[in-house]
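These notes are about the structure you will find just below.
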Amino acid sequence: MDSTGDQYWLPTEIIFGEGELDHLAEHVPESAKKILVVSGSKALRSEGVLDRLQAMLGNEKVVFYEGVPSNPVPQDIDNAVIAAVSNKCDVVIGIGGGSVIDVAKCVALLSTQPAPVKEFLRGDQAIKIPGIPCIAVPSTAGTGSEVTKWSTVWDPIEKRKYSLDHDFLYPRVALVDPTLTYSMPGWVTATTGLDALTQAIEAYWSKASQPTSDMYALAAVSKIINNLKQAFDSGDPFARREVAAGSLMAGQAFSNTRTTICHSLSYPMTANWGIVHGQAVSITLPVFLEANAEALAGKIDPLLEALEAPGLGDGVSSIRNLMEETGLKTRLNDLGIDQASLSKVIEEGYYPERADNNPVMYTPQEIHSLLQEII
Ligand SMILES: [Fe+2]
């Protein structure tokens, strides 16, 4: 008989701590001959981080693939796979934000079965074999991609988000060095931090939640709610460390539960209005916390405790206050989404299977009423 007990599984080795980047080479398989280092914007190059990596890993071993954009499209992945295969890379390191790590994970997987990523996204091709090892090194504190088995790919023509979803996408190693987040600009600190907070709370109220994911989720909520403002205001190293740890724990939580309604409604906001992910997912978090609270029954008190809130109204306010204090919008109108656009958000963002992971199964009409409250 199949087990009906709670299960938690995460095959990624996790290394956390200030200065751990200096030990990156120790986590690269000794047999590695060529390493593809995937990165995003120019920041890591101009800060000298990529040069450090090259010196540490060996000049002759490293091939750089730089310039992965936010919200990568299939061509970004296909180009990086060509770079990996043509250089005979046998390890991929993704260093950067969530999009960079998503691309690095895809490239590592598709390097052993190269074909346009669209064929896998559409289901025309199946993933048959594991990829080459991927080491994920986040330079932001929020997405949790370093410990999940999904990669998000955007289709700019269809204006929608696709997800590659496979156990082979879990990175071999997640190396989280909070010092890499010290130079994050305020806006990135705020939006990635609010993404992590939303992921933690969604993991906690998810129907798939279980004791281990709950433990990570509550710890993540507490670390982020208590430290994100200070990380945003002053960049204080302790606050940065706590937010980085909170982000990792949020990833450890939702890696086993998936996200729920806040994430699913965010995708059309990003695809159609260009709203940054952390802003798009968090704008509906307070209203769904209020709406989901009753269904959470005995689970609501530990969550409010983690939010340092005496009551539900205080918990909702503490999230809204944190958003406002870190420059995020709390009203859809301020993001350019007006009354007439609500139906488009719901039409494109309401997937029954994702909505079914929410503690309350809302109808599209009920979601419309809830979004009216934050118009
Ligand atoms: Fe997210």
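Residue numbers count from 1 along this sequence.
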Scan side-chain atoms only and decide if Asn292 and Tyr362 contain a donor-acceptor pair under the 3.5 Å cut-off.
yes
Answer with yes or no whether the side chains of Ser99 and Asp102 bring together a donor and an acceptor at under 3.5 Å.
no
Charged N to carboxylate O below 4.0 Å: is that the case for Lys118 and Asp124?
no
Rounded to the nearest 0.5 Å, how far does CG of Asn227 lie from CZ of Phe232?
15.0 Å
On a heavy-atom basis, which atom in Pro237 and which in Tyr182 lie closest, and how many Å separate them?
CB-OH, 3.5 Å
Does any non-hydrogen side-chain atom of Phe16 lie less than 4.5 Å from one of Met249?
no
Give the intermediate values and the outcome of salt bridge (Lys or Arg N to Asp or Glu O under 4.0 Å) for residues Lys149 and Asp165.
CA-CA 6 Å; Lys149 60 164 185 162; Asp165 176 342; 3.5 Å; yes
For the backbone of Lys34 and the side chain of Lys88, can you confirm whether one donor and one acceptor N or O come within less than 3.5 Å of each other?
no
Could you tell me how the ring of Tyr216 sits relative to the ring of Tyr8: parallel (under 30°), tilted (30 to 60°) or perpendicular (over 60°)?
tilted
Grouping I, L, V, M, F, W and Y whenever their side-chain heavy atoms are under 4.5 Å apart, do Ile319 and Phe254 come out in a common cluster?
no
Could you tell me whether the side chain of Glu324 and the main chain of Thr330 form a donor-acceptor pair under 3.5 Å?
no
Indicate whether any N or O donor in one side chain lies under 3.5 Å from an N or O acceptor in the other, for Asn357 and Ser206.
yes
Would you mind checking if Arg241 and Glu18 are paired as a salt bridge, meaning a charged N to carboxylate O distance below 4.0 Å?
yes
Whether the side chain of Gln210 engages the backbone of Ser213 through a donor-acceptor N/O pair (distance < 3.5 Å, no angle test) should be reported.
yes
Glu366 side chain vs Thr363 backbone, donor-acceptor pair below 3.5 Å
yes
Does a side-chain heavy-atom distance below 4.5 Å link Pro138 with Ile101?
yes
Decide side-chain hydrogen bond (donor to acceptor under 3.5 Å, both in side chains) for Glu202 and Thr260; before the verdict, give the C-alpha distance in whole Å, the side-chain angles of both, and the deciding distance to 0.1 Å.
CA-CA 6 Å; Glu202 286 188 273; Thr260 66; 2.7 Å; yes
Please examine the side chains of Ile224 and Glu242, heavy atoms only from C-beta on, and report whether any two atoms are closer than 4.5 Å.
no
For the CD atom of Glu20 and the CD1 atom of Ile14, what is their distance to the nearest 0.5 Å?
13.0 Å
Of the options Ile337, Ile346, Ile283, which is the one that meets Leu371 in a side chain to side chain contact (heavy atoms under 4.5 Å, CB included)?
Ile346
Taking Ser209 for its side chain and Trp205 for its backbone only, find out whether a donor-acceptor pair lies under 3.5 Å.
no
Should Gln372 and Gln339 count as side-chain neighbours, where that means a heavy-atom distance under 4.5 Å?
yes
Interatomic distance, CD@Glu47 vs CZ@Arg52, rounded to 0.5 Å, equals 10.0 Å
Heavy-atom closest pair, residues Val107 and Ala80:
CG2-CB, 3.4 Å
Using side-chain heavy atoms (C-beta onward) and a distance below 4.5 Å, is His166 in contact with Phe120?
no
Heavy-atom nearest pair, Ala84 first then Ser111, reads CB-OG, 3.6 Å
Ser317 vs Asp314, side-chain hydrogen bond (donor to acceptor under 3.5 Å, both in side chains): CA-CA, chis, key distance, verdict:
CA-CA 5 Å; Ser317 301; Asp314 305 295; 5.8 Å; no
With distance as the sole criterion, is a donor-acceptor pair present between the side chains of Lys105 and Ser145 under 3.5 Å?
yes
Begin from the C-alpha positions of Arg160 and Asp155 and carry the test salt bridge (Lys or Arg N to Asp or Glu O under 4.0 Å) through to its verdict.
CA-CA 5 Å; Arg160 59 163 291 187; Asp155 188 319; over 6 Å; no
Separation between CD of Glu30 and CD of Glu26, rounded to the nearest 0.5 Å:
11.0 Å
Exercise: identify the closest heavy-atom pair between Asp177 and Thr179:
OD1-OG1, 2.7 Å
Val100 and Gly40: which non-hydrogen atoms are nearest, and at how many Å?
CG2-N, 3.4 Å
Are the side chain of Glu146 and the backbone N or O of Pro171 linked by a donor-acceptor pair below 3.5 Å?
no
Within the 4.5 Å heavy-atom criterion, are Thr189 and Val243 side-chain neighbours or not?
no
For the residue pair Tyr267 and His263, does the interplanar ring angle fall in the parallel (under 30°), tilted (30 to 60°) or perpendicular (over 60°) class?
perpendicular
How about Leu180 and Ile95: do any of their side-chain heavy atoms sit closer than 4.5 Å?
yes
Run the numbers on Asp236 and Ser234 for side-chain hydrogen bond (donor to acceptor under 3.5 Å, both in side chains), then give the verdict.
CA-CA 5 Å; Asp236 168 64; Ser234 69; 5.2 Å; no
Glu290 side chain to Leu312 backbone, donor-acceptor under 3.5 Å
no
Leu57 and Val62 have their tightest heavy-atom pair at CB-CG2, 3.7 Å
Between CH2 of Trp9 and CG of Asp167, what distance do you get to the nearest 0.5 Å?
4.5 Å
Are the side chain of Thr270 and the backbone of Ile275 linked by a donor-acceptor contact shorter than 3.5 Å?
yes
Side-chain contact, heavy-atom cut-off 4.5 Å: Leu194 with Val281?
no
Side chain of Asp90, backbone of Ala32: donor and acceptor closer than 3.5 Å?
no
To the nearest 0.5 Å, atom CG of Leu228 lies from atom CZ of Arg240 at 9.0 Å
Tyr204 side-chain N/O to Lys299 backbone N/O, donor-acceptor pair under 3.5 Å
yes
